[in-house]
Amino acid sequence: MKTSLKLEELAMFGLSIYLFNQTDFAWWWYLALILTPDIGMIGYAISTKVGAFTYNLFHHKAVAIAVLCLGWYMGNSALELAGIILFGHASMDRMFGYGLKYPDHFKHTHLGWMNETN
């Protein structure tokens, strides 16, 4: 099942690249911005509860899709780009086993415990 989920995330990552390709931004913008959603980890400097909230806010695909759709609706290319980057980053993270966080521990995710072999 893990392989199937990783392939699904790879397809969604590919979709983010396709959507980015439909914008007028130069290709290097994608590479320059793809890791920026990790700024959500800053909340862990306060506590695991705050960190989980801020991390999940920047890594939730529904948030990414909402930002992208808002950008389309408003004709705002910067919002479109932000939504695409958020979506692509979340997919990329999940390919590597980084899921949405529970408030008790950084390594406790909706995909299970990180670095746990099954």
Side-chain angles (χ1 to χ4, degrees):
M1 184 58 73
K2 284 186 177 188
T3 301
S4 179
L5 289 173
K6 287 180 181 185
L7 289 172
E8 182 179 41
E9 295 299 339
L10 177 62
M12 286 188 264
F13 182 68
L15 175 63
S16 76
I17 293 170
Y18 171 79
L19 290 172
F20 177 80
N21 193 47
Q22 302 306 303
T23 71
D24 292 328
F25 290 96
W27 65 269
W28 58 267
W29 278 104
Y30 191 90
L31 296 175
L33 297 174
I34 194 63
L35 296 178
T36 57
D38 281 336
I39 196 166
M41 287 193 285
I42 289 175
Y44 280 99
I46 299 170
S47 71
T48 56
K49 185 175 181 178
V50 172
F53 175 80
T54 57
Y55 182 93
N56 291 344
L57 181 65
F58 283 88
H59 289 79
H60 201 289
K61 289 184 183 177
V63 171
I65 292 168
V67 171
L68 175 59
C69 289
L70 184 62
W72 283 337
Y73 178 76
M74 295 178 63
N76 185 318
S77 59
L79 279 177
E80 291 175 25
L81 177 61
I84 292 167
I85 294 297
L86 289 168
F87 186 80
H89 179 87
S91 296
M92 181 182 69
D93 267 9
R94 291 181 190 151
M95 280 190 302
F96 296 115
Y98 298 97
L100 298 175
K101 308 299 184 190
Y102 284 101
D104 61 335
H105 196 281
F106 179 78
K107 291 187 174 190
H108 189 195
T109 77
H110 82 287
L111 300 173
W113 284 88
M114 291 169 46
N115 300 328
E116 185 176 279
T117 56
N118 291 339

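Predicted model only: the values in this text are computed from it and were never measured.
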T3 side chain near L7 side chain, heavy-atom distance below 4.5 Å | yes

Same cluster or not: Y30 versus F25, using hydrophobic residues (I, L, V, M, F, W, Y) connected whenever any side-chain heavy atoms lie under 4.5 Å apart? yes

Could you see if I42 belongs to whatever hydrophobic cluster contains L35? Use Ile, Leu, Val, Met, Phe, Trp, Tyr and a side-chain cutoff under 4.5 Å. no

**Asked** How about F106 and Y44: are their ring centres within less than 6.0 Å of each other?
**Response** yes

Taken to the nearest 0.5 Å, the spacing of S4 OG from E9 CD works out to 10.5 Å

Value for OH (Y18) from CD1 (I84), rounded to nearest 0.5 Å, stands at 11.0 Å

Taking every heavy atom of F20 against every heavy atom of A26, the minimum-distance pair comes out as CZ-O, 3.2 Å

In short, L33 meets L81 closest at the heavy-atom pair CD1-CD2, 3.7 Å

*asked:* Could you see if M92 belongs to whatever hydrophobic cluster contains I85? Use Ile, Leu, Val, Met, Phe, Trp, Tyr and a side-chain cutoff under 4.5 Å.
replied: yes

Rounding to 0.5 Å, atoms CZ (F87) and CG (L19) come to a distance of 8.0 Å

ring-ring contact (aromatic ring centres under 6.0 Å, His included) with H108: of Y55, W113, Y98, only one passes, and it is W113

Just wondering, do D24 and S77 contact through their side chains at under 4.5 Å, heavy atoms?
-> no

Notebook entry, point to check: Is a side-chain donor or acceptor of H89 paired with a backbone partner of P37 at a separation under 3.5 angstrom?
Noted result: no

Next item on the list: Please check if the side chain of T48 supplies one atom and the backbone of P103 the other of a donor-acceptor pair under 3.5 Å.
Entry: yes

Q: Please examine the side chains of K49 and F53, heavy atoms only from C-beta on, and report whether any two atoms are closer than 4.5 Å.
A: no

Residues M12 and S91: closest non-hydrogen pair is CB-OG, 3.3 Å

E80 and L68 have their tightest heavy-atom pair at O-CD1, 3.5 Å

* Asked: Is there side-chain contact between T109 and L100, with at least one heavy-atom pair below 4.5 Å?
  -> no

Correct closest heavy-atom pair for A52 and Y102 would be CB-O, 3.7 Å

Self-check item: Side chains of T36 and F58 in contact at under 4.5 Å (non-hydrogen atoms)
Solution: no

In the single-linkage hydrophobic clustering (I, L, V, M, F, W, Y; side-chain heavy atoms under 4.5 Å), do L15 and V67 co-cluster?
no

Would you find more than 12 non-hydrogen atoms of other residues, nucleotides or ligands less than 6.0 Å from I39 atom CD1?
-> no

- Query: Would you call K101 and M41 a side-chain contact if the rule is heavy atoms closer than 4.5 Å?
  - Reply: no

Separation between CG (L86) and OG (S16), nearest 0.5 Å, reads 10.5 Å

Tracing side-chain contacts under 4.5 Å among Ile, Leu, Val, Met, Phe, Trp and Tyr outward from I46 reaches V50

For R94 and H59 the tightest heavy-atom approach is NH2-O, 2.9 Å

Discussion item. Could you check whether N56 and H60, counting side-chain N and O atoms only, form a donor-acceptor pair closer than 3.5 Å?
Written reply: no

CG (D93) and CD1 (I34) are apart, to the nearest 0.5 Å, by 9.0 Å

